[in-house]
There are 2 protein chains.
Amino acid sequence: MTDTAPRPTLEAVAARAGVSRATASRVVNGGDGVREPLVARVRRAVEELGYVPNQAARSLVTKRHDAVAVVIAEPETRVFADPFFALQLRGISKELTAHDNQLVLLLTEGRDDHARVGRYLAGGHVDGALVFSLHLDDPLPGLIHHAGVPTVFGGRPGWSDGRGGAVYVDSDNRGGAREAVRHLAALGRTRIAHITGPLDQTSAADRLDGFRDVMGDIDPGLVVESDFTPAGGERAMRRLLERHPDVDAVFAANDLTAAGALRVLRERGRRVPEDVAVIGFDDMVAVAEQTDPPLTTVRQDIEEMGRLMARLLLRRLGNKGVEAGRTGTPSSVVLPTTLVRRASA
Amino acid sequence: MTDTAPRPTLEAVAARAGVSRATASRVVNGGDGVREPLVARVRRAVEELGYVPNQAARSLVTKRHDAVAVVIAEPETRVFADPFFALQLRGISKELTAHDNQLVLLLTEGRDDHARVGRYLAGGHVDGALVFSLHLDDPLPGLIHHAGVPTVFGGRPGWSDGRGGAVYVDSDNRGGAREAVRHLAALGRTRIAHITGPLDQTSAADRLDGFRDVMGDIDPGLVVESDFTPAGGERAMRRLLERHPDVDAVFAANDLTAAGALRVLRERGRRVPEDVAVIGFDDMVAVAEQTDPPLTTVRQDIEEMGRLMARLLLRRLGNKGVEAGRTGTPSSVVLPTTLVRRASA
DNA sequence: CGGCCCGGTGAGAGCGCTCTCGAATCGTGA
DNA sequence: TCACGATTCGAGAGCGCTCTCACCGGGCCG
């Protein structure tokens, strides 16, 4: 219990099974090329001794770790207010454990942490990395690329340099936004506004693009930049009502923003959806189902994104068991979104 | 970039600095007992070569991994709908990285996973574990104890067996509940009800105990068991109104439940807080600030809980740098809660 | 019937690091 | 001045594992 009984080694297993260490090793790693009776004997010895391979010794020679890092770079507390990463983590975790890989979590905040993470990844402690880095000016992708660690990004990284080599998994922010706005238009709304997210994040920028795809060149006053927070949503909605008292629909860049907007609308006596229809983005149920009225929103399958990220990475690492892609490096994936109709639009 | 340049070894550093591998090792690990000029030379060599110690080789001999597992055992999706674990993880992460420890995340769902986790921990891949296991009947604590891995629990584990040896960090659920109920009483409420959480979780049970501490032996119909979800809160509130139409205050076991209750109250035309005062628990801002009216609730410092868990574990692992506890195994810690007054009570 | 090939097995060389131990160096007190 | 203790450094033995390579035996072809 408390005192650490010395763990049995491969040597011990071999001795007990009456074979060499080499043969024992072969059996432990699949048993190819070992005749049945011996396989059985080794297996039994493993069982009886409760042998578990020493991972450190193993990776010392194989140079593999069967571990991948998940880097979540978010200076802002905001992120933790939504279950986004939690769900993504769950998807990642499922896929990784299904292929016997460990998940090393790296949370960063602040610039100094970037260096630390870069050093860690460059240190070769993990076979690859899954990185969430949503800001345009983030130095992390560069550091990681420099470190030469196989990486898959969560969300399209907004690199300025020309290389399109980055593999990422993203949801169809632009398409989802289009669908939302089209829905508002189909409802007969004509003064449709958009409260954006921080435009240095590709997801926010893409949603704005989708909005513009449908609306064309509209009064720029109908687009208000915000920051993905409820408070920001409130501010933006207030400004919107000042500039355009006749607004009859709002597409908010995420659910939190929409919740803030809803509150201001109620406070100003506007009925939702009768006077103003509102659509959010994300489908964070804890928020979208709690608003008054419940929020119509664009859902993205967050857990699936995580699973996919892990799968792409493992494939790239040449992990057996993962169905092989056609050839070489797998390419990025963009997942579809769906409109979830509740009461607000 | 793609091809893995062979990482420099200690041997290389030693050669470049003109010292032995042993001395280079000493410098890398603090440099005690090495004279200044040599220290400087080795440091420079490390710098120039970009040397990073091979962790696998190191732990092969030290039998330490400088890594701890974080086990989150939650079959239910519910958990991921709140930022509870995210915040806790952040606290844990901060403390661990401050002491150069890695965080290996183990997410489980379903019984079979338990065995996997047990095997992993027993496999000696990590130095210790931080475990969130909130259910009374959870086999995990037993498995872990059996594996002999130093562990700190998040939340008081509800063990039936007699051993009080488990170290845990919890918030003062009972005290917080008392404060909430006293607040309601101070408001002049007399028909105070409680919507509980799942009573197989110690946090829910403790909150109920706190409620009883203040209310004494009341009409059992004023206590309704629920499940920490908004939908459950709605159901419970409905039942409550049927049985006790005269209820004038509700203490909900968490914010999500309170949100559900609020919705039912509004739907039934009860004004909050005029007719019925409502208090939640947790202070999940994303929820508590969004409800109508904003929710009065009991806050627990979740991030601090995480940080503390990590600190206790590191101390127990004899990690230098962590201020030493007085003697031996540190004991559990219960963190205070605070009442956050918003509009609902 | 002999040589050859081939699948199955074991011996042994490291992987990169820490740590013990003895050698070398330096100072100090008598 | 010389012995002796303290300090600093290097040589070398592993930690537990994988993997190459040589070895051995039996089946098959010539």
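Chain identifiers are assigned alphabetically (A, B, ...) following the order of the sequence lines, protein sequences preceding nucleic acid strands; residue numbering begins at 1 within each chain.
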Is a donor on one side and an acceptor on the other found under 3.5 Å between the side chain of Arg26(A) and the backbone of Asp32(A)? no
Return the OG1 to CG distance between Thr97(A) and Leu103(A), rounded to the nearest 0.5 Å. 9.0 Å
Please identify each residue that fulfils salt bridge (charged side-chain N to carboxylate O under 4.0 Å, His left out) with Arg116(B), with sequence neighbours left out. Asp113(B)
Taking for each residue the nucleotide of DNA chain D with the nearest heavy atom, is it Ala24(B) or Ala57(B) whose nucleotide lies nearer the 5' end? Ala24(B)
Between CZ of Arg90(A) and CD of Glu95(A), what distance do you get to the nearest 0.5 Å? 14.5 Å
Of all heavy-atom pairs linking Leu105(A) and Leu105(B), the shortest is CD2-CD2, 4.4 Å
Give the residues of residues 32-40 of chain B touching DNA chain D, defined as any heavy atom closer than 4.0 Å, sorted by residue number. Gly33(B), Val34(B), Arg35(B), Leu38(B)
Assert: residue with more 5' nearest nucleotide on DNA chain C, out of Arg26(B) and Tyr51(B), is Tyr51(B)
Anything under 30° is parallel, anything over 60° is perpendicular, the rest tilted; go ahead and classify Phe85(B) against Phe132(B). perpendicular
End-to-end bend of the helix from dC1(C)-dG30(D) to dA30(C)-dT1(D) (five-pair axes, 10° rounding)? 50°
What's the separation between atom CG in Leu106(B) and atom OG in Ser93(A), rounded to the nearest 0.5 Å? 7.5 Å
Would you say the side chain of Val169(B) lies within less than 4.5 Å of the side chain of Arg307(B), judging by non-hydrogen atoms? no
Along DNA chain C, 5' to 3', what are the outermost nucleotides having an atom less than 4.0 Å from a heavy atom of chain B? dG16(C) to dC19(C)
Can you list everything that forms a side chain to side chain donor-acceptor pair (under 3.5 Å) with His114(B)? Sequence neighbours excluded, please. none
Sorted by first residue and then second, give each salt bridge (charged side-chain N to carboxylate O under 4.0 Å, His left out) pair with at least one member in residues 12-22 of chain B; sequence neighbours left out. Glu11(B)-Arg21(B), Arg16(B)-Glu48(B)
